[in-house]
Amino acid sequence: MAAVKISDNIYWVGAVDFEIREFHGYETPHGTTYNAYLILDEKITLIDTVKSSFSDVLLKNISEIIDPSKIDYVISNHVEPDHSGSLMEILAIAPNASLYTTPLGEKGLRAYYHQDWNFKIVKTNDTINTGQYTFEVIQTPMVHWPDNMMVYLKEKEMLFSNDAFGQHYASNERHDYEVGESLVLERAKDYYANIVLPYGAQVLKAFKDLDGKNLSLICPSHGLVLKTTINTILAKYSDWANNKVNDNEAVIVYDTMWGATKGMAHEIAKDFESKGIHTQVYYLKETHISEVMGALMEAKYICVGSSTLNKQMLPNVAAFLTYMKGLAPKNRTGLAFGSYGWGGESIKYVNETLESCKFEMMDPIKKIYMT
Ligand code: FEO
């Protein structure tokens, strides 16, 4: 995809990855984008780069606008290789460019690339002046890595938010208003559930640092540039960061050997439905754990079922529980259930794991040879 002008003197010059289906454990059925932004000012500035396999796309897009050797400043908001992966190529072409990053950003970039680049270390409240524009630095540690920062372009009220407010969504559109709010929210929710969820406290801290700043555009490092959905996304991030859940929503997740635990899952679903609670049921042999995480983002009830195999829970259930526990949803009510032939240990282990997530627990449901 070619460069896209998103404001006077500001261009999206990133890459669209239509084919990626796995992003460090997170399934990405809709692909993603690696967003980089070029700012034309007295000092020509590039904000972030793209995954290394797309370096040629980044260079082509920049070259449509300016000679890449003319880049004066590179602002690296985050060291993870989907954003820093083309620094080697950019800084080989523009070797005198200043590279702005946080202290931990410098440490990470040196560890990844072993280069003595022209590092300029910045912290919250520092500014980067490019001529007519001023970028205010806002460090956002653990949203979602220790090194993360955002930059706020004061004169245009634009926030370059890096991973925050991102969506794993590949398309030829670059703006939220081109695809509609419901799609943007769905992709943003999946992204938050699988990447940002453990860091609610840090998201709320970042919100405090953004307090009082008008936002006309949010330019994240993945997915669509946000304009018409800004207020909705900010409200949703606040809800998600506070683990606000819907008391009328339940998610049931299970794996089954011969179908008995599946039968229990659907009986439990009917019970919820009879109480007016909207319920979704997921079979872990057919639904990836990252899709389940998106589905349970706003659900009060999380019910997990497993048959017993060799005195353990089924491996798909263990994988799901490990993944969910790491992402640390809070303020939930849990239920363990399952059928068994003779031991029934799986129900105990599922129950213990849900308890260890600090969920309020319902009494487990354990049935022998339910058919
Ligand atoms: Fe999009 Fe933390 O990388």
Side-chain angles (χ1 to χ4, degrees), residues 1 12-37 46-55 57-58 74-90 99-113 137-151 159-171 174 184 187-203 205-206 218-226 233 237 240-241 290 293-294 323 326-328:
M1 184 175 177
W12 176 93
V13 289
V16 181
D17 190 346
F18 284 102
E19 295 177 6
I20 188 170
R21 290 293 177 268
E22 198 277 338
F23 198 93
H24 52 48
Y26 169 16
E27 193 171 79
T28 50
H30 309 283
T32 194
T33 69
Y34 314 107
N35 296 342
Y37 300 94
L46 179 68
I47 299 179
D48 287 322
T49 70
V50 301
K51 193 173 171 182
S52 60
S53 49
F54 289 87
S55 296
V57 177
L58 175 68
V74 178
I75 298 176
S76 174
N77 280 331
H78 181 28
V79 302
E80 214 172 356
D82 49 333
H83 309 298
S84 69
S86 300
L87 279 175
M88 292 287 276
E89 287 78 3
I90 292 293
L99 176 56
Y100 289 89
T101 186
T102 61
L104 286 176
E106 180 191 11
K107 187 177 171 190
L109 292 174
R110 284 188 186 277
Y112 268 125
Y113 302 107
V137 173
I138 303 158
Q139 285 178 271
T140 52
M142 300 318 296
V143 185
H144 66 127
W145 272 28
D147 65 286
N148 272 94
M149 71 177 197
M150 305 178 181
V151 286
L159 180 68
F160 296 86
S161 61
N162 195 259
D163 280 327
F165 310 117
Q167 327 99 46
H168 282 314
Y169 179 63
S171 78
R174 289 279 50 82
V184 175
R187 297 284 75 77
K189 185 177 74 167
D190 282 352
Y191 183 98
Y192 189 99
N194 285 280
I195 292 181
V196 190
L197 181 55
Y199 310 114
Q202 291 85 353
V203 169
K205 163 76 172 63
I218 295 179
C219 305
S221 60
H222 297 288
L224 301 155
V225 171
L226 307 176
I233 287 277
Y237 259 62
W240 296 334
S290 52
M293 281 309 302
Y323 189 65
L327 290 165

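Worth knowing before you read on, the calculation uses all heavy atoms, side chains too, and leaves out hydrogens, waters and symmetry mates. In listed order, ligands and their atoms are each counted from 1.
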Subject >> Expected output: side-chain Ser76 to main-chain Asp48 donor-acceptor under 3.5 Å >> reply: no
N/O donor to acceptor pairs below 3.5 angstrom from side-chain atoms of residues 193-202, sequence neighbours left out:
{"residue": "Asn194", "atom": "OD1", "partner": "Tyr323", "partner atom": "OH", "Å": "2.6"}
{"residue": "Asn194", "atom": "ND2", "partner": "Asp190", "partner atom": "O", "Å": "2.9"}
{"residue": "Asn194", "atom": "ND2", "partner": "Ser290", "partner atom": "O", "Å": "3.1"}

Original post:
Just checking, is any N or O donor in the side chain of His78 or Asn162 under 3.5 Å from an acceptor N or O on the other one?
Top reply: no
Original post:
Do the side-chain N and O atoms of Tyr34 and Ser86 include a donor-acceptor pair separated by under 3.5 angstrom?
Top reply: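 Tyr34 vs Ser86: no donor-acceptor pair found between side chains.
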**OP:** Quickly, which of Thr101, Thr102, Asp147, Val151 forms a side chain to side chain contact (heavy atoms under 4.5 Å, CB included) with Asn77? Name it, please.
**Re:**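 Result for side chain to side chain contact (heavy atoms under 4.5 Å, CB included) with Asn77: Val151.
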Subject >> Test applied, side chain to side chain contact (heavy atoms under 4.5 Å, CB included); reference residue, Gln167; option that passes from Thr32, Thr33, Leu226 >> reply: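 The residue from Thr32, Thr33, Leu226 that satisfies side chain to side chain contact (heavy atoms under 4.5 Å, CB included) with Gln167 turns out to be Leu226.
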Subject >> Atoms of the protein (N/O/S only) found under 2.8 Å from atom 2 (Fe) of ligand 1 >> reply: His78 NE2, Glu80 OE1, His144 NE2, Asp163 OD2
**OP:** Write the atom name of the N, O or S atom in His222 that is nearest atom 1 (Fe) of ligand 1.
**Re:** NE2
